[in-house]
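Report on the following structure.
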Number of protein chains: 2
Amino acid sequence: MAKDKVQKLPSIKRLPAYLRELKSLREEGRQVVSTTLLAQRLRLESIVVRKDLEITGVTGSPGVGYKVEDLIGGIEEFLGWNNTSDIFLVGAGALGTALLGYKGFSEYGLNIVAAFDADPNKVGTEIHGKPVLGMDAFANLAERMKIHMAILCVPCDAAQAVAELMVAAGIRAIWNFTGATLNVPEHVVRQRVNLAGDLAVLSVALAEKLKEEQRGS
Amino acid sequence: MAKDKVQKLPSIKRLPAYLRELKSLREEGRQVVSTTLLAQRLRLESIVVRKDLEITGVTGSPGVGYKVEDLIGGIEEFLGWNNTSDIFLVGAGALGTALLGYKGFSEYGLNIVAAFDADPNKVGTEIHGKPVLGMDAFANLAERMKIHMAILCVPCDAAQAVAELMVAAGIRAIWNFTGATLNVPEHVVRQRVNLAGDLAVLSVALAEKLKEEQRGS
DNA sequence: AACTTTTTGTGAATTTTGTAACAGTCGCGG
DNA sequence: CCGCGACTGTTACAAAATTCACAAAAAGTT
Ligand SMILES: NC(=O)c1ccc[n+]([C@@H]2O[C@H](COP(=O)([O-])OP(=O)(O)OC[C@H]3O[C@@H](n4cnc5c(N)ncnc54)[C@H](O)[C@@H]3O)[C@@H](O)[C@H]2O)c1
Ligand SMILES: NC(=O)c1ccc[n+]([C@@H]2O[C@H](COP(=O)([O-])OP(=O)(O)OC[C@H]3O[C@@H](n4cnc5c(N)ncnc54)[C@H](O)[C@@H]3O)[C@@H](O)[C@H]2O)c1
């Protein structure tokens, strides 16, 4: 029954880039912006921008453009980034440490509350001001604090086990930085950061470019 | 003129996941695999897997499946990951440090040779066994060592300037971990790691799921 | 040997995404 | 207050990706 397909994925993925640019424009004191300008800044076609912005429901005025404020508000509301959501992070290793210190998340309405790790040497310490707790504390705290989202950056082999623990603790959304494919129940959403996939695209594009060049010259 | 569109992007992005699973199957001593099994492991439909594998040119035999060895070889060759490529990293900060220590890159035929940073306190040190050099050394070394690829993880504001320096040094592919949209000439390929975009998808999917649930109950 | 099951490979249908075209609105400069 | 260029919003069209449908191959089963 559950036909939980989110539509217009590509558009949604581009929204944060618009948001970033819009905030930068606001800094510059700009109040109005056209899709032409946005497109130019983001190296896209203006029609793409127009179509993307359509899904937020924000409207502009012909001959003028959109109000910067409206767009920022509209995108944030569409993404649910206007209210900050608290999130837990599991795996305070190399990558986890970088994420814990990343200032940019506040732009996305994201607040990492605490980190969790299996390593007893790390438990009890603080990283970038965030406490590192033991895995046994996870379920209890998640429930008490009503945390629904979690970042997963443990080694790949541990990923599935940790994910199951998350699900059992009531987590509903897992942001997965590991290479593993998670098996989770229907009611949990998951999003994998596919670095390898991006690199694959880059590799193929470069090879293509070089080949083409050889042909051309 | 150059209509350098790489086709089947979604398929290419999935290939590394197959590769990972295939290597794991090889570990387990498996010699043959069907798209049915692969799909099950990666939570995809078997037809998706079949279509994706098609682009590598590897063929299987009906009723049996594909040889695991063949597929691994085929995918690696298609992606150009069979010969290791050397790459430079610029921005040895929080994220850069994590990347420098990441063992997984060798799976992708990627070898980070050296890091570069503007911070004089970092220059001259080593991170995870990789030397951190000053920015002034970049161009010269890139040419001498014939490096074509670079990882960009400096703060967003510095991204464009550093990218231009890379291009001037002959870099042909930039793996961009910053939020900035890079302006580079036609002959350079770029791939942005869009964390914010992934989070956007997760946010919307979760909101959707919750809304749907409310309706359903 | 005939039949069943599993699975590949391909061409075609369907859905989704990206592009183009254009009517209609707005503000501006005369 | 009229015409012009800039811009939106919508409808129509094209391309790409996904999904379906099925013939044919291999291996096992009766
Ligand atoms: N480092 C990178 O740059 C990078 C890049 C891409 C992907 N990744 C992925 O991110 C993940 C983490 O990478 P990393 O480099 O930070 O590894 P890491 O080894 O530095 O950190 C892993 C952390 O997880 C903890 N851990 C291990 N098992 C656990 C468990 N069962 N429960 C809770 N905590 C546990 C460890 O104590 C450690 O602190 C890996 O899956 C890796 O593939 C890392
Ligand atoms: N930390 C994260 O988890 C994270 C997550 C997503 C994206 N990012 C992005 O990655 C980038 C780096 O993030 P970070 O957290 O590592 O930042 P950071 O401040 O820890 O590191 C930036 C590094 O770049 C160096 N640098 C600054 N200007 C430079 C220049 N002009 N030339 C060469 N080096 C220069 C600095 O000395 C520093 O070492 C940022 O663009 C950030 O948005 C980071």
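Remember, predicted model here, so these are calculated numbers, not experimental data. Lettering of chains follows the sequences in order, A, B, ..., and the numbering in each one begins at 1. All values below come from the heavy atoms of this structure, side chains included, with hydrogens, waters and symmetry mates left out.
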**Q.** side-chain contact (heavy atoms from CB on, under 4.5 Å) evaluation trace for B:Leu202 with A:Val189
**A.** CA-CA 7 Å; B:Leu202 189 69; A:Val189 295; 3.9 Å; yes
Would you be so kind as to tabulate the donor-acceptor pairs closer than 3.5 Å made by side chains of residues 71-89 of chain A, with sequence neighbours excluded?
| unit_1 | atom_1 | unit_2 | atom_2 | d |
| --- | --- | --- | --- | --- |
| A:Glu76 | OE2 | A:Lys23 | NZ | 3.1 |
| A:Trp81 | NE1 | B:Ser203 | OG | 3.0 |
| A:Asp86 | OD1 | A:Asn111 | ND2 | 3.0 |

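Classification of A:Arg20 and A:Glu107 as a salt-bridged pair fails, no side-chain N sitting under 4.0 Å from a carboxylate O.
For B:Val58 against B:Asp70, the heavy-atom pair with the smallest separation is CG2-O, 3.8 Å.
Between B:Phe105 and B:Tyr102, the ring planes lie perpendicular to each other; the angle is over 60°, past the 30° to 60° tilted range.
Of the residues in residues 14-51 of chain B, those placing a heavy atom less than 4.0 Å from an atom of DNA chain D are B:Arg14, B:Ile47, B:Val48, B:Lys51, in numerical order. Residues from residues 54-81 of chain A lying near DNA chain D, meaning a heavy-atom separation below 4.0 Å, are A:Thr59, A:Gly60, A:Ser61, A:Pro62, A:Gly63, A:Val64, A:Gly65, A:Tyr66 in numerical order.
Contact of the A:Asn183 side chain with the B:Arg43 side chain is registered, since non-hydrogen atoms from C-beta on lie closer than 4.5 Å. B:Leu152 has its side chain out of reach of B:Phe177: every pair of non-hydrogen atoms, C-beta onward, lies at least 4.5 Å apart. Residues B:Tyr66 and B:Arg50 are in side-chain contact: their nearest non-hydrogen atoms beyond the backbone lie under 4.5 Å apart.
Residues satisfying the side chain to side chain donor-acceptor pair (under 3.5 Å) test with B:Arg30, not counting sequence neighbours, are none. Every residue two or more places apart in sequence or in another chain that forms a side chain to side chain contact (heavy atoms under 4.5 Å, CB included) with A:Arg172 is listed here: A:His148, A:His187, B:Leu206, B:Lys209, B:Leu210, B:Glu213.
Interface limits on DNA chain C: the 5'-most and 3'-most nucleotides within less than 4.0 Å of chain A heavy atoms are C:dT16 to C:dG27.
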